[in-house]
Chemist: 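The structure's right below; bear with me while I get my questions together.
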Amino acid sequence: MPDPASNPPSPATAKSMDEIMALCKRRGFVFQASEIYGGINGFWDYGPLGAQLKKNLRDAWWQDVVMNPCWGRTGPSGERVRTVPLDSTIIQHPRVWQASGHIAGFNDPMVDCRETKQRYRYDHVQVFTRQGTTSEAPMFAFVLGTETENRQRKKAEKKFDMKMEVVALSDIAPADWPKVLAPHAEAIGTLTEPKQFNLMFKTYVGATAGEDDVAYLRPETAQGIFVQFKNVVDTTRVKIPFGIAQTGKAFRNEVTPRNFTFRSREFEQMEVEFFCHESEALDWFSFWRKWRMEWWESIGLAGENLRLYDTPQKDLAHYAKAGSDVEYRFPFTAPGFGELEGIAYRGDFDLRQHAEHSGLKDNLKYFDMTRGEPLPNGQPKGEKYFPHVIEPSAGLDRGVLAILCEAYTKDASRPSPEIMRFHPRVAPIKAAVFPLVNKDGMPEVADRLHAELQGRFGRSGFIETDAKQSIGKRYARMDEAGCPYCFTVDGDTLTGQTVTVRDRDTGKQDRIALDKVGGFLAGKLGA
Ligand code: GAP
């Protein structure tokens with residue numbers, strides 16, 4: 001199991017999203033998609049450092065979920081956790097989305113403001129109202145996790161001479177809607193009734209592009225797993241309990257994309273569908289719920305900004321039997337939290353739906369030779385059933401965003417006042433090698449050390465080298481990019497075969513032997 005994060009918790013509330021976004025742009029972590037054409041709302045590109053950071057997070061997940069599932073732990077059944085990978089297509093047969101319920105039910109109810117033409121997710125709007133009255137007093141609506149909350153609170157405090165309360169817009173009686181002041185409006189009563197919007201992107205397959213050719217970009221990777229369940233069972237030696245894992249793009253035509261990459265229209269998921277017998281499902285749910293939290297801690301999100309939140313029964317999807325979210329306190333959600341990953345106990349809903357809609361019926365069931373009444377020969381008779389499913393479903397882009405927010409640290413006493421304190425496992429630059437000055441034989445030694453480290457560690461990140469500018473400026477650039485270790489070749493290297501190693505988090509420098517640098521870095525990176 002990787003080392004737990006060494007970063008001390010940093011108060012997310014104190015961090016400015018504008019500053020984090022500015023650093024992301026300046027250092028090539030995240031760019032607006034199609035920026036030279038004015039951008040396109042809800043789409044983001046990852047620059048060189050961001051692409052590597054994202055790959056490192058995806059690789060860490062793949063390593064810990066597929067290659068060495070759950071760090072070799074045993075599950076509630078006493079066996080080691082088993083998973084197999086899959087890579088399914090973005091466009092599936094449209095009937096997949098009928099069976100999954102996405103065509104009929106993948107809707108966000110929205111409310112429009114007639115005055116400002118802004119559109120809000122119905123379930124994200126709350127109102128400040130005078131406590132316990134049904135008077136004529138106005139109600140001040142705001143959108144959860146945005147600056148509208150403070151603005152509307154101030155207005156409400158000015159208006160009300162007694163205590164006020166916060167109520168969900170959906171709990172306001174229709175008769176009281178004319179009293180609601182929309183989050184950005186001047187006049188009251190401008191919000192419309194909620195309307196449904198399907199979030200799936202439509203496209204056409206084939207040249208004729210008629211209504212019969214309509215297809216959808218997948219809104220989740222999960223369904224690709226369910227529809228290949230039988231093929232995986234038939235072609236591998238997996239036995240229940242086991243998981244099928246995949247990472248990949250998902251698309252949702254979000255009506256209000258916002259908060260940087262948090263709610264995007266194109267994003268990446270990392271999902272496991274873990275199949276087990278109904279009698280063990282709740283135990284597996286507890287297992288995954290706990291382990292997923294530990295995993296996010298292990299890659300640098302340990303501390304008070306991370307929490308595990310159990311979804312109240314009334315908020316669960318109709319098919320779900322239990323659910324927990326791993327949540328992070330982003331600067332834009334603080335003091336509240338935003339979801340990074342949902343762990344859901346989905347029952348046998350999905351396999352049953354596909355069995356029904358595909359006509360395969362009982363053929364999608366799993367035959368379990370270890371269960372059932374004992375036969376005269378003492379062997380169990382076997383049992384055919386739809387397995388129950390535990391689904392840990394993580395957002396890769398949200399994970400990257402949480403890592404960026406957690407890593408962002410300001411320290412005015414340092415040459416670079418902005419430092420990205422990435423956990424070494426996900427850091428896009430693993431190390432830098434600098435000649436102190438660009439002469440006297442130092443560049444040649446630095447080049448050799450750089451080539452050695454690149455050959456050894458270059459698979460998981462960049463090994464930088466740079467001979468320009470003062471050494472202080474070069475350290476500052478590496479601090480901003482989140483490089484954990486800088487090795488500097490100086491005059492003593494040539495005489496004593498040692499280099500300095502500088503620790504990003506403390507700024508402290510030590511001397512180590514030139515031929516020990518590889519081993520030192522291997523220990524620090526866990527490689
Ligand atoms: N198969 C289950 C599923 O898709 P979900 O809660 O809708 O569940 C899982 O999505 C994860 O995908 C979320 O926890 C979140 O991290 C990520 N996600 C969902 N919508 C997103 C969006 N619009 N932008 C970025 N990430 C998103």
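Remember, it's 1-based here, ligands and their atoms both numbered in the order they're listed.
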Chemist: Give the contacting part of D325 toward ligand 1: side chain, backbone, both or neither, where contact means a heavy-atom distance below 4.0 Å.
Modeler: neither
Chemist: Tell me which protein heavy atom sits closest to atom 17 (C) of ligand 1, plus the residue, atom name and distance to 0.1 Å.
Modeler: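 Minimum-distance protein heavy atom for atom 17 (C) of ligand 1 reads G395 CA, 3.7 Å.
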Chemist: Check each heavy atom of S393 against ligand 1 and say whether those closer than 4.0 Å belong to the side chain, the backbone, both or neither.
Modeler: both
Chemist: Quick one: nearest non-hydrogen protein atom to atom 16 (O) of ligand 1, plus distance?
Modeler: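 Protein heavy atom with the smallest distance to atom 16 (O) of ligand 1: L340 O, 2.9 Å.
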Chemist: Does any N or O of ligand 1 fall below 3.5 Å from an N or O anywhere on E254, backbone included?
Modeler: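 Yes, E254 has an N/O under 3.5 Å of an N/O on ligand 1.
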Chemist: Can you list the atoms of ligand 1 that are under 4.0 Å from a heavy atom of A222?
Modeler: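 Taking each heavy atom of A222 in turn, ligand 1 has 1 (N) under 4.0 Å.
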Chemist: Considering only heavy atoms of E391, which atoms of ligand 1 have at least one such atom less than 4.0 Å away?
Modeler: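 This gives 1 (N), 2 (C) as the contact atoms.
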Chemist: If you measure every N/O of R263 against every N/O of ligand 1, is any gap under 3.5 Å?
Modeler: no
Chemist: Could an N or O of ligand 1 be found under 3.5 Å from any N or O of P219, whether backbone or side chain?
Modeler: no
Chemist: Ignoring angles and geometry beyond distance, decide whether F262 reaches within less than 3.5 Å of ligand 1 through its nitrogen or oxygen atoms.
Modeler: yes
Chemist: If you measure every N/O of F267 against every N/O of ligand 1, is any gap under 3.5 Å?
Modeler: no
Chemist: Is it true that the side chains of Y385 and H277 contain a donor and an acceptor less than 3.5 Å apart?
Modeler: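 No - no donor-acceptor pair under 3.5 Å links their side chains.
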Chemist: Taking atom 24 (N) of ligand 1 as the point of reference, which of A394, S264, G42 owns the nearest heavy atom?
Modeler: S264
Chemist: Tell me, yes or no, whether the heavy-atom count around D171 atom CG, taken from other residues, nucleotides or ligands under 6.0 Å, exceeds 12.
Modeler: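 Counting other residues, nucleotides and ligands, CG of D171 exceeds 12 neighbours.
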Chemist: Do F267 and R252 have side chains that approach each other closer than 4.5 Å (heavy atoms only, starting at C-beta)?
Modeler: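 A side-chain contact under 4.5 Å exists here.
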Chemist: Counting non-hydrogen protein atoms only, what is the nearest one to atom 15 (C) of ligand 1? Give residue, atom name and distance.
Modeler: R398 NH1, 3.5 Å
Chemist: Using heavy atoms and a threshold below 4.0 Å, how should the contact between E341 and ligand 1 be classified: side chain, backbone, both, or neither?
Modeler: backbone
Chemist: Is it the case that over 12 heavy atoms from other parts of the model lie below 6.0 angstrom from the NZ atom of K249?
Modeler: yes
Chemist: Show me which atoms of ligand 1 lie under 4.0 Å from any heavy atom of E271.
Modeler: 1 (N), 2 (C), 3 (C), 4 (O)
Chemist: Taking it one step at a time, do D368 and K239 satisfy salt bridge (Lys or Arg N to Asp or Glu O under 4.0 Å)?
Modeler: CA-CA 8 Å; D368 191 336; K239 299 267 176 292; over 6 Å; no
Chemist: Name all residues meeting the ring pair (Phe, Tyr, Trp, His ring centres under 6.0 Å) criterion together with F337; count only those two or more places apart in sequence or in a different chain, and write none if there are none.
Modeler: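 Result, ring pair (Phe, Tyr, Trp, His ring centres under 6.0 Å) vs F337: none returned.
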Chemist: With a 6.0 Å cut-off (strictly less than), is the heavy-atom count around CZ of R80, excluding the residue itself, greater than 12?
Modeler: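 Counting other residues, nucleotides and ligands, CZ of R80 stays at 12 neighbours or fewer.
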Chemist: Keeping to residues at least two apart or across chains, list the ring-ring contact (aromatic ring centres under 6.0 Å, His included) pairs with something in residues 31-58.
Modeler: W44-F260
Chemist: Would you find more than 12 non-hydrogen atoms of other residues, nucleotides or ligands less than 6.0 Å from K384 atom NZ?
Modeler: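 Above 12, so yes.
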Chemist: Can you tell which of V272, V326, D325 makes a side-chain contact (heavy atoms from CB on, under 4.5 Å) with I343?
Modeler: V326
Chemist: Would you mind checking which non-hydrogen protein atom is closest to atom 5 (P) of ligand 1, with the distance to 0.1 Å?
Modeler: R252 NH2, 3.9 Å
Chemist: Looking at non-hydrogen atoms alone, which of E339, Q223, E220 comes nearest to atom 14 (O) of ligand 1?
Modeler: E339
Chemist: Give the intermediate values and the outcome of salt bridge (Lys or Arg N to Asp or Glu O under 4.0 Å) for residues R421 and D479.
Modeler: CA-CA 8 Å; R421 304 181 71 196; D479 284 349; over 6 Å; no
Chemist: Just need the protein heavy atom nearest to atom 12 (O) of ligand 1, so name the residue and atom and give the distance.
Modeler: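 Checking every protein heavy atom, the shortest distance to atom 12 (O) of ligand 1 gives Q269 NE2, 3.3 Å.
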